[in-house]
Enquirer: 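My questions all concern the structure below.
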Amino acid sequence: MNYTGTTFRPPFEANSLLLQVTIGCSHNKCSFCTMYRDTPFSVEPMEQIRADLAEAKAYVPGARRVFLENGDPFALSADRLAEIAEAVHEFLPAVETIAMYASINNIRSKTDEELVRLRSLGINELNIGVESGLDEALVLMNKGYDSKEALYELGRLRAAGMDYGANVIFGGAGAGKTRENASATAELINKTSPYLIFTGTIHADPGCPLYNDMQTGRFPEPTFGEHIDEEELFLRELDVENCLYFGLHPSNVVRMQGWLSRDKQAMLEEVKNTRQRLQNRLGDVPVRYGEGAILL
Ligand code: SF4
């Protein structure tokens with residue numbers, strides 16, 4: 001299989017076949033992201049994709065799920081995505097779902113009819129960095145869309161029958177705005193019913209604009225206490241069903257997962273226990289390690 005540079009995938013795609021169809025990210029401008037900073041966006045030739053699929057067929061002929069790489073393969077045209085999906089089914093007939101990272105901007109470039117066509121070819125369960133429902137936070141993170149556009153595009157995606165997993169970043173609006181961020185994000189999530197919510201807290205590595213803003217204090221980082229308060233309010237205001245809440249990212253202050261709405265009370269209890277455990281550090285800004293990891 002051909003992979004260029006570092007290849008990323010969500011933790012819950014650990015058992016999926018990773019198939020590179022793009023290199024880098026077509027946006028590559030989110031203020032907190034260094035994933036593809038030095039990797040210009042390009043498209044993998046169809047011949048290479050078919051060669052990779054032929055190789056995969058030899059090793060995992062019964063593969064059920066494919067995750068397309070890299071940063072936002074949904075940026076490809078609907079015709080190219082359809083061609084890739086047809087090739088996947090040709091080589092790996094047991095595949096049921098073709099998932100990938102996608103952005104709100106990628107949905108915007110597809111018509112309703114194209115979305116329905118892609119869904120009929122098995123493309124589903126897109127992992128989308130929604131990050132926040134608060135416009136101020138979306139500007140700070142340089143996502144390239146506002147909350148109204150996110151709501152509209154996610155609505156079109158859902159109307160085409162596609163499920164999506166939402167990535168949410170606590171603290172994206174900075175210190176002092178965590179409650180606003182929690183409520184606005186919960187509202188957006190409630191209106192778009194993802195099948196999965198993947199949470200993390202805001203962090204930045206050297207090499208991205210947000211890192212400099214954190215160093216100079218232009219972006220005031222939330223404290224442990226604010227992160228916990230934001231997650232509690234977000235959880236309380238969430239109104240979704242059959243949705244996996246995946247909160248195990250190492251950048252999270254509260255590490256937990258569960259099904260909503262079934263496990264909501266147990267998860268709120270975990271938030272309470274974490275606040276109790278960290279009672280002497282609630283006013284501190286977390287020290288970060290790789291991937292924004294916090295030592296608890
Ligand atoms: S967060 Fe996602 S969309 Fe933003 S620059 Fe990084 S890979 Fe691209």
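These numbers come from the heavy atoms of this one structure, side chains and all, not from hydrogens, waters or symmetry mates. Residue numbers run from 1 in the order of the sequence given. Read the numbers this way: they start at 1 and go in the same order the structure lists the ligands and their atoms.
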Enquirer: Compile the donor-acceptor pairs under 3.5 Å between side chains in residues 278-285 and protein atoms, sequence neighbours left out, one pair per line.
Expert:
unit_1	atom_1	unit_2	atom_2	d
Gln279	NE2	Gln276	O	3.3
Arg281	NH2	Leu295	O	3.2

Enquirer: Indicate whether any N or O donor in one side chain lies under 3.5 Å from an N or O acceptor in the other, for Ser147 and Asp135.
Expert: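 Result is yes, a qualifying pair exists.
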Enquirer: Could you please tell me which protein N, O or S atoms lie under 2.8 Å from atom 4 (Fe) of ligand 1?
Expert: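 Hits for atom 4 (Fe) of ligand 1 below 2.8 Å: Cys30 SG.
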Enquirer: In this structure, which one of Glu232, Glu230, Glu226 forms a salt bridge (charged side-chain N to carboxylate O under 4.0 Å, His left out) with Arg275?
Expert: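 Going through Glu232, Glu230, Glu226 one by one, the salt bridge (charged side-chain N to carboxylate O under 4.0 Å, His left out) with Arg275 is satisfied by Glu232 alone.
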Enquirer: Tell me, which pairs form a side-chain hydrogen bond (donor to acceptor under 3.5 Å, both in side chains) where one or both residues lie in residues 262-271, sequence neighbours left out?
Expert: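 Counting only pairs at least two positions apart or across chains, no side-chain hydrogen bond (donor to acceptor under 3.5 Å, both in side chains) contact touches residues 262-271.
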Enquirer: Which ring-ring contact (aromatic ring centres under 6.0 Å, His included) pairs, counting each pair once, include a residue from residues 35-58, with sequence neighbours left out?
Expert: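 Those involving residues 35-58 are Phe8-Tyr36.
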Enquirer: Does atom CZ (Arg179) have a neighbourhood of more than 12 heavy atoms from anything else shown, all under 6.0 Å?
Expert: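 No.
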Enquirer: Measure the OH-OG distance between Tyr211 and Ser31 for me, rounded to the nearest 0.5 Å.
Expert: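 Answer for the OH-OG pair, Tyr211 versus Ser31, is 14.5 Å.
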Enquirer: Can you name the atoms of ligand 1, numbered from 1 with element, that are less than 4.0 Å from a heavy atom of Tyr36?
Expert: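 Once the distances to Tyr36 are compared, the set is 7 (S).
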Enquirer: Under the 4.0 Å line, does any protein heavy atom show up next to atom 2 (Fe) of ligand 1?
Expert: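 Protein heavy atom within 4.0 Å of atom 2 (Fe) of ligand 1: absent.
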